[in-house]
Amino acid sequence: MTSIRFAAAAAAALLATVAAPALANTTAPTPPAASAGAPAIVKSVKVEPGGLYEIVFNPTDSNILIAAVGPRGETRGAIARLNADLTPGQSIDVSANPLYGLGFNSRTQTLYGTATRSGSVGVVDVRTGRLVATIKDGDDESAHVREVIVDETRNKAYVTIVGGEANDASRPNQIWVIDGATNAIERKIAAPVGGLTGAALDSQNNRLFVTGMSSNDVGVIDLATGRSVGTWPTGSEKPTNVAFDAAGGRLFVASQGTGDLTVMNAADGAVIKKVPTGEGALSVAYNPRNDQVYVANRQAGTVTVVGGGDYAVLANLQTGTFPQTIAIDPATNAVYVTNKARGLPRNAPAGTPVPVDPAGDTVTLIRP
């Protein structure tokens, strides 16, 4: 999800299960020539109602859940659901309070979504397709909720709140800690970065790594005490999202400003490697089973696959117009990417037709 602020909208209402979204195969762009066994695109499908943002994988049902907020100016938000082969499943109506960023607890089958327009977090039971809670900071609707990171072991959810510069008390960068048992904010933690965006969890050591898009660093938070235990410069511009490699003790940081992947030591923040990936490197995911890193380059329209051993680029795949976020099926190593469509400019006159974009508002399946 981009860090653009959205205007306030209607309060959340009870979600209802609706008919499956209309999906149609699109012709995926031909990837660059690659050797046998190299990562490749299998197919892409259109997802209604469009306006795609984040994606998560549900290992219990082997399906994917996609935040689809609909076209600008319309109220058609949904959590679209696709099977592992991208055939349609049953979607969930969230049009009353569309969700952008997603975090998923597979143990409880609970989906947490950031409703950026209302400064709240929606909690959905995906088994029933019903809203079970809406979480807010009192009556405040101004919180720029962005990412949700779930700790299934402790049944917690961590929500990033985008603020101003580091230590700006008027616009604090915060982490909301949500208790999964009560669906309430348990506490708020100050983040030691400026322009807080992404986060990654080290569950074993109970640490949270956070990215500062304006401070160009990664902050480290001890979740037991709520204290900052370090800030590490990335050497890149606009670091936006981060993934954690528990076995290898590494961080993978995608930076929009410099269009690259930064590999860092998760113990001391030392930069191990810089890998150019593409313009607007927005999000990153890591698969420990095959030791591969995936970077969605939003402006370049590509997903870069990087080998975790030597950091060689294995493929640059043209997935769609604006690649957004990535989910991985750990059982099959399948990779799923949301691609946002090219829309109207913000100052477009009323009645301007939305551009037709065959490669946008799609989900792409990649086989490594």
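All figures in this text were calculated on a predicted structure; none of them were measured in a lab. Each residue takes its place number in the sequence, starting with 1.
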| request: Please answer whether the main-chain N or O of Thr240 pairs with a side-chain N or O of Thr211 as donor and acceptor at a distance below 3.5 Å. | output: yes
| request: Look up atom OG1 in Thr364 and atom CD1 in Ile41, then write down how far apart they are to the nearest 0.5 Å. | output: 5.5 Å
| field | Results of side chain to side chain donor-acceptor pair (under 3.5 Å) for Asn347 - residues two or more places apart only | value | none
| task | Taking atom CG of Asn167 as the centre, report whether more than 12 heavy atoms of other residues, nucleotides or ligands fall under 6.0 Å from it. | result | no
| field | Inter-residue atom distance Asn205.CG - Arg207.CZ, 0.5 Å rounding | value | 5.0 Å
| message | To the closest 0.5 Å, what do you measure between CD1 (Ile161) and CG (Leu196)? | response | 8.0 Å
| request: Calculate, to the nearest 0.5 Å, the distance between atoms NZ and OG belonging to Lys238 and Ser215 respectively. | output: 13.0 Å
| request: Would you please name every residue forming a salt bridge (Lys or Arg N to Asp or Glu O under 4.0 Å) with Asp291, sequence neighbours left out? | output: Arg250
| query | Are Asp93 and Arg76 ion-paired here, with the side-chain N under 4.0 Å from a carboxylate O? | reply | no
| task | List for me each residue that meets side chain to side chain donor-acceptor pair (under 3.5 Å) alongside Asn216, sequence neighbours excluded, and say none if there are none. | result | none
| In terms of heavy-atom contacts, does NZ of Lys156 have more than 12 from other residues, nucleotides or ligands at under 6.0 Å? | yes
| said: Contact between Thr160 and Ile175 at the side-chain level, heavy atoms closer than 4.5 Å - yes or no? | reply: yes
| Within a reach of under 6.0 Å around CZ of Arg171, are more than 12 heavy atoms found that belong to other residues, nucleotides or ligands? | no
| message | Can you pull out every side chain to side chain donor-acceptor pair (under 3.5 Å) where at least one residue sits in residues 264-282? Sequence neighbours excluded, please. | response | Thr262-Lys274, Thr277-Asn297
| Residue pair Gln256 / Arg298, side-chain donor-acceptor N/O under 3.5 Å | no
| query | So, Asp357 side chain and Ala359 main chain: donor-acceptor pair closer than 3.5 Å or not? | reply | yes
| said: Between Asn105 and Thr110, is there a side-chain donor-acceptor contact under 3.5 Å, judged purely by atom types and distance? | reply: no
| message | Whether the Asn241 and Ser283 side chains hold a donor-acceptor pair (N or O, under 3.5 Å, no angle test) is what I'd like checked. | response | no
| Taking only residues two or more places apart in sequence, or in another chain, which ones meet Phe322 in a ring pair (Phe, Tyr, Trp, His ring centres under 6.0 Å)? | none
| remark: Here the gap from Ser203 atom OG to Ile149 atom CD1, rounded to the nearest 0.5 Å, amounts to 12.0 Å
| field | Distance in Å, Thr134 OG1 paired with Leu131 CG, rounded so as to fall on 0.5 Å steps | value | 4.0 Å
| Taking atom types as modelled, is there a side-chain donor on Ser44 or Thr362 under 3.5 Å from an acceptor on the other? | no
| field | Partner set under ring pair (Phe, Tyr, Trp, His ring centres under 6.0 Å) for Phe209, not counting sequence neighbours | value | Phe244
| said: Does Arg227 have more than 12 heavy atoms from other residues, nucleotides or ligands lying within 6.0 Å of its CZ? | reply: no
